[in-house]
Amino acid sequence: MTTNLLQVNNLKQYFPIKGGFFGRRVNDVKAVDDISFAVKEGETLSIVGESGCGKSTTGRAILRLDEPTSGEVSFNGVDLLSLNGREMRKQRKDLQIIFQDPYASINPRQTVRKVLDEAMEIQNVVPRKDRADRMMELMETVGLGRHQLDRFPHEFSGGQRQRIGIARALAVDPKLIVCDESVSALDVSIQAQVLNLLKKLQKDFNLTYLFISHDLGVVRHISDRVMVMYLGKIVEIGDKKSVFDNPKHPYTKTLLSAIPVPDPTAERDQIVLRGDVPSPIDPPTGCRFHTRCPFATDKCKEEVPELRQDADLMKDGHNAACHYIEEIESGEMKPKYK
Amino acid sequence: MSDKQNTIIDVNELQTSFFVDGKEVKAVDGVTFDVPSGKTLGIVGESGSGKSITSLSIMRLINNPGKIKGGEINFNGENLLDKSEAQMRKIRGNQISMIFQEPMTSLNPVFTVADQIGEAVMIHQKLSKKKAREKSLEMLKLVGIPSPEKRLDNYPHELSGGMRQRVMIAIALACRPELLIADEPTTALDVTIQAQILRLIRNLQEELGMSVILITHDLGVVAETCDYVAVMYAGKIVEYADVNTLFRDPKHPYTVGLLKSLPRHDIDMEGDLSTIKGMVPTPDNMPKGCRFAPRCPFARDMCRENLPHLEDEGDGNQVRCWIHTDQWDGPEVNVKDDYESAASKQS
């Protein structure tokens with residue numbers, strides 16, 4: 001029986017918009033608006049969605065890189081949001097993050113040795129005399145050479161730099177790693193190398209990943225479970241196979257159908273959405289997707305759909321937030337456009 | 001290759017180099033291809049392969065320290081490299097147009113949408129200001145911008161990313177060009193918006209009968225929109241084929257490696273992704289023989305020593321690889337089927 005390593009309840013992250021004469025708070029950007037989910041130990045949960053859906057904000061809020069507005073983040077039984085700065089810093093030993101841009105996330109004036117040493121120093125996980133050995137070991141773990149320890153970041157390629165970012169995260173022996181678009185900046189052939197490395201490390205060190213990405217091909221490859229977000233809300237969550245092969249929310253369906261397939265003979269039933277993602281400052285009422293949804297009705301404009309599952313259509317743990325899962329599935333409701 | 005009479009553009013041995021610190025960096029090194037009229041050619045490759053420099057060379061937009069060193073670019077039978085700057089200015093935006101990856105940086109932030117679309121037709125078609133505004137409105141309708149009358153007087157910052165890219169397309173198409181060069185037109189956009197833009201380019205191409213060169217790193221986009229594909233690696237074309245052949249029966253080990261290392265959202269893949277060992281060579285450290293040899297799982301001494309030519313496979317498709325020539329001195333190889341086992345044996 002695997003336990004939940006991370007439990008997020010009713011997490012909200014609002015960013016105030018200041019304006020007016022005295023810089024009063026005039027409104028909020030509701031980047032993440034009341035979401036709850038759990039991550040089991042040793043699994044990879046991916047968060048997918050388009051820009052502005054709140055996927056990165058969720059990752060940052062869990063690590064308290066931005067202070068969440070409200071909610072509860074329980075990691076290993078500890079409520080992270082109630083900790084003070086010092087206690088939180090201790091927890092960060094177990095919670096690491098790998099960022100998107102390997103050019104911006106590593107100090108250009110530090111050698112790799114210094115980067116890794118600093119991580120271990122702050123968390124004090126490895127006695128000073130053992131650190132040199134540990135660094136060598138880390139370099140080999142991520143597929144870099146020992147002789148490269150004294151080089152500066154600019155001497156490495158993008159893929160190698162991302163490996164340094166991974167080594168830094170691993171240096172403190174974490175339990176959970178948030179991968180925020182960690183392979184998005186890399187070319188396909190290099191991306192495949194880094195993805196394989198992440199998978200191998202997960203097996204070797206029993207890591208848990210919260211994998212944030214907009215690339216659904218990558219997500220299908222690396223995840224156990226997938227969570228789809230739209231405008232700060234979870235629209236669908238479930239195991240990888242259910243979400244990809246049997247999506248229930250109209251947004252998930254259009255998202256999947258919009259991705260070009262590298263096969264010119266593939267027969268595809270593409271749904272091309274109208275319009276753009278609305279602003280998260282004044283998100284649409286009711287279901288946030290109703291302004292673009294081909295199935296939307298008046299009910300969708302007024303009532304916010306809850307995450308729910310239909311026992312006949314969806315397996316355990318597969319949930320979608322739509323009023324009309326059954327009607328769409330049975331063909332009773334037809335899309336208004338394609 | 002395709003019928004010469006029906007090509008809109010014919011690029012021959014194009015060479016573009018950059019001169020930095022007294023050293024020559026060959027970004028495009030002998031690129032040859034053509035685009036059949038009314039068709040879409042995709043140029044694919046990873047960063048640094050020279051695909052963008054190829055397109056900028058066609059537009060003659062290479063500035064110091066870059067220089068087009070040689071070759072021919074025949075557009076409608078005339079070599080663009082012989083044209084004066086004034087003649088080029090008449091061609092750009094009129095007969096050949098270009099759209100770029102980042103619509104925010106390629107639109108002018110201090111002019112309205114109407115000004116920017118109108119500018120092209122006022123210069124090239126000598127329309128009056130009033131007529132230009134009408135034309136702008138017509139173009140905004142064509143690219144499917146909602147309530148176009150209101151959008152005419154908007155500034156770029158008032159538009160979303162997808163709408164900005166539509167405005168870019170409207171500007172590019174205002175003079176009904178014969179050739180559109182789209183350099184990563186959807187890379188900065190979300191997938192649902194990307195689908196809209198790709199559909200738009202496809203529809204407009206049919207409607208206006210233009211030819212398109214689409215530059216991208218995304219093999220999915222290529223499969224969906226292109227008729228022909230040129231795969232570039234380290235400044236050279238390694239494979240040219242029609243889109244069905246390229247995806248069904250790729251011949252160059254680089255093309256195969258690229259296709260196999262791509263994780264797909266529509267298929268489950270067990271185990272590790274297949275990878276291409278190592279990384280793209282830097283321009284100052286180009287391999288002597290085949291540029292892909294240091295990463296190729298099939299490479300032999302002949303590959304490391306001698307650069308293969310881009311050879312016709314008889315069906316109009318071309319590949320630059322020793323395996324597909326008579327000179328190949330190794331065991332028989334089926335690149336597509338044997339790639340994974342060969343790659344796993346690579347040290």
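Owing to the predicted nature of the structure, the values given are computational and were not obtained by experimental measurement. Just so we're on the same page: letters track the sequence lines, and every chain starts at 1.
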How far does [atom1] of [X] sit from [atom2] of [Y], to the nearest 0.5 angstrom?
{"X": "A:L256", "Y": "B:T192", "atom1": "CG", "atom2": "OG1", "result": "12.0 Å"}
{"X": "B:D190", "Y": "A:H214", "atom1": "CG", "atom2": "NE2", "result": "8.0 Å"}
{"X": "A:L255", "Y": "B:H265", "atom1": "CG", "atom2": "NE2", "result": "9.0 Å"}

Revision key, fill the gap. Per-residue tally against chain A (heavy atom, under 4.5 Å) across B:G144, B:G278, B:G162 peaks at B:G278

**Study point:** Leading residue by heavy atom contact count with chain A [cutoff under 4.5 Å; candidates B:V280, B:T282, B:L219, B:D266]
**Key:** B:D266

Review point. Which atoms of A:I222 come close to chain B, meaning under 4.5 Å heavy atom to heavy atom: side chain ones, backbone ones, both, or neither?
Key: neither

Let me know if [X] has heavy atoms under 4.5 Å from chain A in its side chain, its backbone, both or neither.
{"X": "B:V222", "result": "neither"}
{"X": "B:L246", "result": "neither"}
{"X": "B:S274", "result": "backbone"}
{"X": "B:Q194", "result": "side chain"}
{"X": "B:R295", "result": "side chain"}

Exercise for review: Can you see which heavy atom on A:P260 is nearest to which on B:E224, and at what distance?
Suggested key: CA-OE1, 3.5 Å

**Study point:** Where B:L262 and A:V188 come nearest, the two heavy atoms and their spacing
**Key:** CD1-CG1, 3.5 Å

Leading residue by heavy atom contact count with chain B [cutoff under 4.5 Å; candidates [options]]:
{"options": "A:E50, A:Q160, A:R292, A:K241", "answer": "A:E50"}
{"options": "A:G159, A:P262, A:G49", "answer": "A:P262"}
{"options": "A:V218, A:L273, A:L216, A:I259", "answer": "A:I259"}

Check your understanding: Taking side chain as C-beta onward, heavy atoms only, is A:V261 less than 4.5 Å from B:R264?
Key -> yes

Review point. Any side-chain heavy atom of B:L273 sitting closer than 4.5 Å to one from A:H221?
Key: yes

Exercise for review: Give a yes or no on whether B:D21 atom CG has more than 12 heavy-atom contacts from other residues, nucleotides or ligands under 6.0 Å away.
Suggested key: no

Practice item. Starting from the C-alpha separation in whole Å, work towards a yes-or-no answer on side chain to side chain contact (heavy atoms under 4.5 Å, CB included) for A:K240 and B:D268. Key: CA-CA 10 Å; A:K240 167 175 74 176; B:D268 258 329; 4.0 Å; yes

**Study point:** Heavy-atom contacts under 4.5 Å, residues 189-201 of chain A to chain B
**Key:** A:S189, A:I190, A:Q191, A:A192, A:Q193, A:L195, A:N196, A:K199

